[in-house]
Number of protein chains: 2
Amino acid sequence: MAQSESRRRPHLMWTMEEIAREVGVSTKTVSRVVNGEAGVRDTTRMRVNRFIEEVGYHPHIGARSMRSQPRDCIGVTIPAPISDVPVHLGFFLRIFSHLYRIFGSRGRFICFDLNPFHSSSSMDYSRGLFEGRYAGCVLCGPLSPTDTTIFRIHESGLPYLALGRLDGLPECSSATVDYEVAMQISVNCLVERGHKRIGVLKGFHGYQPGLERRRGFLKAMQLAGLAEDEHLLQNVTFGAQNLISATHRLLIDSSVTALIDASGAEDAASVREGCRRAGRVPGKDVDIVGWTYSDNAVILSEACAHIWLPVWEAAADGLEQLALWFDGEREGPIHVVYPPTLNRIAGEQELPPPRRLFDVLE
Amino acid sequence: MAQSESRRRPHLMWTMEEIAREVGVSTKTVSRVVNGEAGVRDTTRMRVNRFIEEVGYHPHIGARSMRSQPRDCIGVTIPAPISDVPVHLGFFLRIFSHLYRIFGSRGRFICFDLNPFHSSSSMDYSRGLFEGRYAGCVLCGPLSPTDTTIFRIHESGLPYLALGRLDGLPECSSATVDYEVAMQISVNCLVERGHKRIGVLKGFHGYQPGLERRRGFLKAMQLAGLAEDEHLLQNVTFGAQNLISATHRLLIDSSVTALIDASGAEDAASVREGCRRAGRVPGKDVDIVGWTYSDNAVILSEACAHIWLPVWEAAADGLEQLALWFDGEREGPIHVVYPPTLNRIAGEQELPPPRRLFDVLE
DNA sequence: CTGTTAGCGCTTTCAG
DNA sequence: CTGAAAGCGCTAACAG
């Protein structure tokens, strides 16, 4: 036990070898103590632990990660540029809250890669995973049909959850809502009310949720024996101006008597303004079905019905299962698809327009 | 150029050595290309880059971190258990937003260590830094006078910012508000209005902001030639019940004619209820000075004045400077101390009670 | 411009 | 129960 107390210098970053030398054991013994492995006498263990506590030793995570996969860090990354798909503040807070409860409160690190598109031109949002930075990850946003990164993530076998699915990879680990069905329900609702030409404000163009909206619309119109006019589908982005003019474009055609607001923007004011500019009165001239992420919520008080997309609820379910996969208590991939619900509730009390994560606070 | 295309197996995790072998160069050349260093012919660089892109190679962050300090990850940790100091949702969102703008949008990782107290009993919130996980960190909350971890962080020379200071380490890199002055201003305001015995709802007991409140109170009372009765200081936690009963305890003493709400809870309802239980009418029986984190805000409409603590503004300033330190464009430590402001604005429009990060959403 | 060698701090393997 | 040695994938230092 050659404890050379005299040569103990004030270190900031200790190594196992130094610890071992000071305590008078081998590095392997220190390693065993640090990792709580068996095969160390209690007195030795205590001696090592005391010294580690005293000098404030922390194992170097990089060195460790060269021999074993990291287990204590979950990554969160965004597969779409934030400028394309602004993050709903309420959604983000829920996700963050779940991540805290499931991972953070148990002492795990939660690592955000919020702009993987910064330096590389390619869709390299998987970098944190393949760099060995985290043990699994959450893809927090819709996937693009041209996405290839997701395939590599899937093949890696590491735990992951996409908050959105992909036609090209049906086995993708995902938690989402069936937007195709949402659109079919919306169309049917309006067809039942006697409408023949139904306009659609179609959000998420270029992403899977946009594809599903389109497919659901065409399928439902066909089943109803109505014209599947592509012009009835207007792509919209999240900007108010864009939403206004798209609404206007649809309603300027007087044969269009109904509107499905599948923009995902929950922006009643813009839809109203678009109606006004087209000389229409919502609820009288135009029958509207609005889409929302909140149950029993009214987005547009003049709407005849609202479709509730339980996206957040699906995400919560998926994250719960991801935690199990993470802990080795189940296998991947995860498949959560929640059905949308048609709510015919009415009321003056409209949901306030959503705030966006990085939009509102500066 | 021994490109053994034939032996190229579908890998998920490539190493530099494999890349080098496949392309027919040395590992050092691959390293140079990956890190954008000079000393590689353009054609070679392109050949390597093409291959890297093709196979989706990512350098192993652990291996890299053994030779050089990480530069692309900022850590956020909480030096106080979240149960002691619930996180103000508005504050969190501002911090997150700043972190995104300053670090995230530039392609850096933001790594949260939200419950470092999970497994270890010691205040080990510095673990991420000493494990080599991040290049610098933000300590997001008040510091305890018994804290020793902060000394090690300070000595490490790594960039860090504490959102709160510490008497025991005046040179600590920090961005905060002068609570001592806030208390002195509060007391003076009430003394000018003729009060001799002033009760204080004192938040953050056991943390530096609590100490500063106490010190400021005793100092101001002494300067005013009034009794420095310790009983006039009531420690409060963030629970409504606690706030109510503390208010009650103070005001049951009829000699106490004024109250400083330095709880930090921004909870008008509880203060009112405490007054009511003591048979007092705020603004008539009791003169009140309220503390708030929002400028020109009214917390309690019956209050004669409000003290604005620009904590969030100081944090924003500090984070801006941390980014410079991070990028080597300045040296540490950072010293931001914002003065509080007395606002005599009145109005019925009270600020809604704050939401807490992990309280509200589940 | 390019390559070789050593070694970062751990964990794994194998030997006592 | 304990230790010695090899090696993970990368970069720094030094040769060419």
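Residue numbers start from 1 in every chain, and the chains themselves are labelled A, B, ... in the order their sequence lines are given, proteins ahead of strands.
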Salt bridge (charged side-chain N to carboxylate O under 4.0 Å, His left out) with [X]: which residues, sequence neighbours excluded?
| X | result |
| --- | --- |
| A:Glu171 | none |
| A:Arg127 | A:Asp113 |
| B:Asp327 | B:Arg106, B:Arg108 |
| B:Arg330 | none |

* List for me each residue that meets ring-ring contact (aromatic ring centres under 6.0 Å, His included) alongside A:Phe130, sequence neighbours excluded, and say none if there are none. =>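 Result, ring-ring contact (aromatic ring centres under 6.0 Å, His included) vs A:Phe130: B:His58.
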* To do: Kindly write out the residues that satisfy ring-ring contact (aromatic ring centres under 6.0 Å, His included) with A:Phe112, not counting sequence neighbours, or none if the list is empty.
  =>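 Partners of A:Phe112 by the ring-ring contact (aromatic ring centres under 6.0 Å, His included) criterion, ordered by chain and then number, come out as A:Phe96, B:Phe96, B:Phe112.
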* Structure fact -> At a 4.0 Å cut-off to heavy atoms of chain A, the contacted part of DNA chain D spans D:dC1 to D:dG9
* Overall bend - the helix from C:dC1-D:dG16 to C:dG16-D:dC1, comparing terminal axes fitted on five pairs, nearest 10 degrees ->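 Roughly 30°, once rounded to the nearest ten degrees.
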* Partners meeting side chain to side chain contact (heavy atoms under 4.5 Å, CB included) with A:Ser173 (sequence neighbours left out) ->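 A:Tyr160, A:Leu161, A:Trp325, A:Pro333, A:Ile334.
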* State whether B:Ser26 places a side-chain N or O below 4.0 Å from either non-bridging phosphate oxygen (OP1 or OP2) of C:dT2. => no
* To do: Treat primed atoms plus P, OP1 and OP2 as sugar-phosphate and everything else as base, then score nucleotides 6-13 of chain C 5' to 3': B for base contact with protein heavy atoms under 4.0 Å, S for sugar-phosphate contact only, - for none.
  => -BBBSBBB
* Structure fact -> salt bridge (Lys or Arg N to Asp or Glu O under 4.0 Å) pairs touching residues 153-168 of chain A, sequence neighbours excluded, are A:Arg165-A:Asp178, A:Arg165-A:Glu212, A:Asp167-A:Arg215
* Asked: Do any pairs count as a salt bridge (Lys or Arg N to Asp or Glu O under 4.0 Å) and have a residue in residues 63-74 of chain A, sequence neighbours left out, and if so which ones?
  ->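 Residue pairs with at least one partner in residues 63-74 of chain A: A:Asp72-B:Arg133.
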* When all nucleic acid strands are considered with a 4.0 Å heavy-atom cut-off, which category describes B:Ser65: base, sugar-phosphate, or nothing? ->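 Touches nothing.
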* Which of parallel (below 30°), tilted (30 to 60°) and perpendicular (above 60°) describes B:Phe51 and B:Trp14? -> perpendicular
